[in-house]
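Below is one structure; the comments refer to it alone.
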Amino acid sequence: MSPMARTALQPAATPPDLIRNFCIIAHIDHGKSTLADRMLQITGVVEQRAMRAQYLDRMDIERERGITIKSQAVRMPWAVEGSTGTPTTYALNMIDTPGHVDFTYEVSRSLAACEGAILLVDAAQGIEAQTLANLYLAMENDLTIIPVLNKIDLPAAQPEKYAEELAGLIGCEPEEVLLVSGKTGVGVEPLLDQIVTQVPPPRGDADAPARAMIFDSVYDTYRGVVTYVRVVDGSLNPREKIVMMSTRATHELLEIGVSSPEPTPSQGLGVGEVGYLITGVKDVRQSRVGDTVTGASKPAKESLGGYRDPKPMVFSGLFPIDGSDYPILRDALDKLKLNDAALVYEPETSTALGFGFRIGFLGLLHLEIVRERLEREFDLDLISTLPSVVYEVTLDDGRTVVVTNPSEFPDAKIASISEPVVRATLLAPSEFIGAIMELCQQRRGTLRGMDYLSEDRVEMRYTLPLAEIVFDFFDQLKSRTRGYASLDYEPDGDQTADLVKVDILLQGEQVDAFSTIVHRDKAYGYGVMMAGKLRELIPRQQFEVPIQAAIGARIIARENIRAIRKDVLAKCYGGDISRKRKLLEKQKEGKKRMKMVGRVEVPQEAFIAALSNDPTSDKSKK
Amino acid sequence: MPSALPEGEPAPPSGELPQAALATLGSHPFGIYVHVPFCIVRCGYCDFNTYTLTELGADGASVATYADAALRELDLALAVLGPSTPPVQTVFFGGGTPTMLAAADLVRVLHGIRDRFGLAQDAEVTTEANPDSVTAESLRELAAGGFTRVSFGMQSAVPHVLKVLERTHDPDNVGRAVQGARAAGLGVSLDLIYGTPGESVDDWRTSLDAAIALAPDHVSAYALVVEEGTKLAAQVRRGQVPAPEDDDEATKYELAERVLSGAGYGWYEVSNWARTPADRCRHNEGYWSDGDWWGVGPGAHSHVGGVRWWNVKHPNPFANRLNSGQSPAAGRELLTDEQRYDERVLLAVRLVDGLPVDDLLPAGRQAVAGLIADGLVDGGAAMRERAVVLTLRGRLLADTVVRRLLAW
């Protein structure tokens, strides 16, 4: 058993040999945050009484969903007895990684800041697809992998079974898999020892011009943008000028330091060290994940490479239910942008939904998080339109049009359309192979391969159009596999496909919010589903309202809302008058929540319900 | 469970009214409504404020003492309204089942009204009645006491429909009751309900024909409304009976109009038809034309000069309050000018004489042409009489018309 380090090493004066940079790769719920908290406690950087559960997950949404969206880095001292018997103190930098597919790029940058990774898997559940994907990324980055099974205190834990599974994946012996419980602390000290023993120290040129990679960038209301870096070469020092190599922008270093876990200013950061920079900028776009920081006085010639602009994959319109909230939505997006380099948006006007924004997201979770933060932190009620991917439409005349919104779909003669596809990895108990195949086939998927991870767990690889995943795929997968299947995907180029735009018309008026781009084979299904939903959702009017689904001028589905014939006939005597007036006053209030499509009054609720992918939508699609 | 009272401000214990409301007394028709909150059984569809004897319990305000409580409220009414109150033009006993009271009690209350306020020369005095709870004799007694009109709850002539409604009266009794009323010299009105679960269009026609065969002076026909809290609502919610269907009720309303107008009855309010204008119910017309009335009894509503108030619902606290010299009013509303305008539009538009176009605000006037174009308002009447009068289609969609006239 190793002693707690008596004195921590000073940043900027720590030899690389005494530094270990590592991250934890884990699925949601597999206990990463609990383990991390336990490490903070055992290494003494957080005192017992200051502990609050899951210290590292700071945002409320993260805490509630039990997932980590933004990463941080914490420096912990840990002493290990060497061969001579005298303890040596090391500085362990734990770099937290986002756990979700939408943030693959952020994960890759976090991994690039480490030499080792703890592969943390729930001993009762086994590895999940996202973890597998991140494990591949880690191995490609040549990280040393320490396999760990967590939650061994659970009665349902099957350590032998899953140790076998992990060993098979990374090519080690099952006995080499460490067994821990973040909850009770069992096995955590040996794990810290193993980090020191197994993870290689960082290597870099201390005399070269400074080069540090940004692996995270967080907006803080009081301090402006806090940038997390891993120094590769040279060193960064307080009060020097630094340069962001992708933009060539120069900033003054107002503060430099390490988190342990509260920000602690230091005399600088040397080779292999991990810490934070504060320059006074207010927008995370000026401090981008993946960029290289160098010194202004002696700048590096080449950046570290690997930088990529975040590329939105999924687009959706967000509209305030109360039109007068538009300025609040605009300000809210401006604020979120400060902390979210991947968020892109521009104003959009919908005849049905009014003024709003077309927003680009990294993926569906990103969409959900942004929407939830807007509603929760800014008290907005929002309608979001059906998510769309980015299509490239080539016209007969050779011109190419990029379409991120069905309303941009060209009317001209179309030669071809290409859509993004993803390589998806699905992990599930083998009894669900049939259900998964059926779902993926319905979603135009192509099976690329299938492997058994263990006797009863299987990995299936599919190529799927991204558009098929953004609409309720995940929910369907979960419901068809009783929650057992997990999904990971990454972009895998484009393919041409026979796609059409389906419009929905109310009394001949096109409702832009319901237009969508789908495969020709699914146009009819979408049309019937949406027309049927709207017939149920839109109250009867004084006149008959035909609902049509159309591809161009061709009607593919039709429903009718019959005209209302009576709305009265109740008694209206002495005591009924107040009641009746109040009812009418209530209807007047309700009218404010009506949107007019031509002469048709459509309640807001109808838009919300029609645009939500509740389970009935998929049933009617079949 | 009887329906809930509206929300309002608390009413003063003295029952006093603002001077502004009293100032206009006499410029509108003045009537008195007497609510008799007793029934032998509660019908499954009914959400009126009424109680069966078992519900009231042995020591509750009894049927026997009800007339005294009513007279006590009339004392209060006289004190509040003052000696310059005009003679009462209409009196209406409703319920519940007013004829659960002895005819002598009903007459005693009527005479109490007469002694306190005076009755106009041609006063209309109506009581609602269950065909089972009257006799030729009791009807004669009512007529002799000053009653002029009786309104029978016939509802339907079809046994299986009456059963769903849980009406217990014998259909044959309706004829006998009408005969008795006629013999006593009373005007007769029949109440019908359509849209009951299980009622076919033919059933409804049977009921209409049966009503006409009895040659009443007046017919009211109401679409069945499933009110929250009734036994029928629970049955609908549990799927034991189907909910009434709007289109079916529309068809039946159109049939009622056809059959009744064919038999010589003219509509004068959305749910009311009369043989001649003289046979219209003037008391109810008061409700629809901004009239003043005092509502006596538990849960009864009143209106004087833009103040609406309502009494506590249960007969026991009602009687207790009066016994201790307090007003039984539970709450009230002082209507704003805007609310009075809204009410005037929503009520007047339901009448055959309609709403004068010139009474409308500019936004309402602008809506009239569109309503004519949509076939909801009679274009001829609008041009000739300068009044907004509903077409048959407009009568069915009166709420839509009101919303558009109020420019909502």
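This structure is a prediction, so every number in the text was calculated from the model and none was measured.
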In this structure, are over 12 heavy atoms from other groups packed under 6.0 Å from A/F355 atom CZ? no
Nearest heavy atoms of A/R562 and B/D247, plus distance in Å: NH1-OD2, 2.6 Å
Taking every non-hydrogen atom, the tightest pair across B/L396 and A/R565: CB-O, 3.0 Å
Which answer fits B/L376, side chain, backbone, both or neither, if we ask what part of it has an atom under 4.5 Å from a heavy atom of chain A? side chain
Could B/D246 and A/R540 be called an ion pair, given the rule that one side-chain N must be under 4.0 Å from one carboxylate O? no
Provide the closest heavy-atom pair for A/Y573 versus B/N272 in the form atom of the first, atom of the second, distance. OH-ND2, 3.1 Å
Do B/D399 and A/K580 meet the salt-bridge criterion of a basic N to acidic O distance under 4.0 Å? yes
Decide, yes or no, whether a salt bridge links B/D191 with A/K571 under the criterion of side-chain N to carboxylate O below 4.0 Å. no
Test side chain to side chain contact (heavy atoms under 4.5 Å, CB included) on A/Q542 and B/R404; report intermediate values, then the result. CA-CA 12 Å; A/Q542 263 170 265; B/R404 287 171 63 177; 2.9 Å; yes
B/Y341, OH atom: more than 12 neighbouring heavy atoms under 6.0 Å: yes
B/E9 atom CD, neighbour heavy-atom count above 12 within 6.0 Å: yes
What's the shortest heavy-atom distance between A/I577 and B/W293, and which atoms? CD1-CH2, 4.2 Å
Say you draw a straight line from CG of B/D248 to NZ of A/K566; how long is it, rounded to the nearest 0.5 Å? 9.5 Å
Can you give me the closest heavy-atom contact between B/H301 and A/G575, atom names plus distance? CG-CA, 3.4 Å
Strictly below 4.0 Å, N to O, side chains only: are A/R579 and B/E227 in salt-bridge contact? yes
Taking the side chain as C-beta and beyond, is there a heavy-atom pair between B/L406 and A/K588 under 4.5 Å? no
Electrostatic pair B/E333-A/R581, nearest N-O below 4.0 angstrom: yes
Contact origin within B/E285 toward chain A - heavy atom pairs under 4.5 Å: neither
Bottom line for B/S302: the part with an atom under 4.5 Å from chain A's heavy atoms is neither
In Å and rounded to the nearest 0.5 Å, what is the CZ to OG distance from B/R332 to A/S578? 13.5 Å
Sort A/I564 into side chain, backbone, both or neither according to what part of it lies under 4.5 angstrom from a heavy atom of chain B. both
In terms of heavy-atom pairs under 4.5 Å with chain A, the winner among B/E269, B/E254, B/H303 is B/E254
State whether the side chain of B/W288 and the backbone N or O of A/C572 hold a donor-acceptor pair below 3.5 Å, judged by distance alone. yes
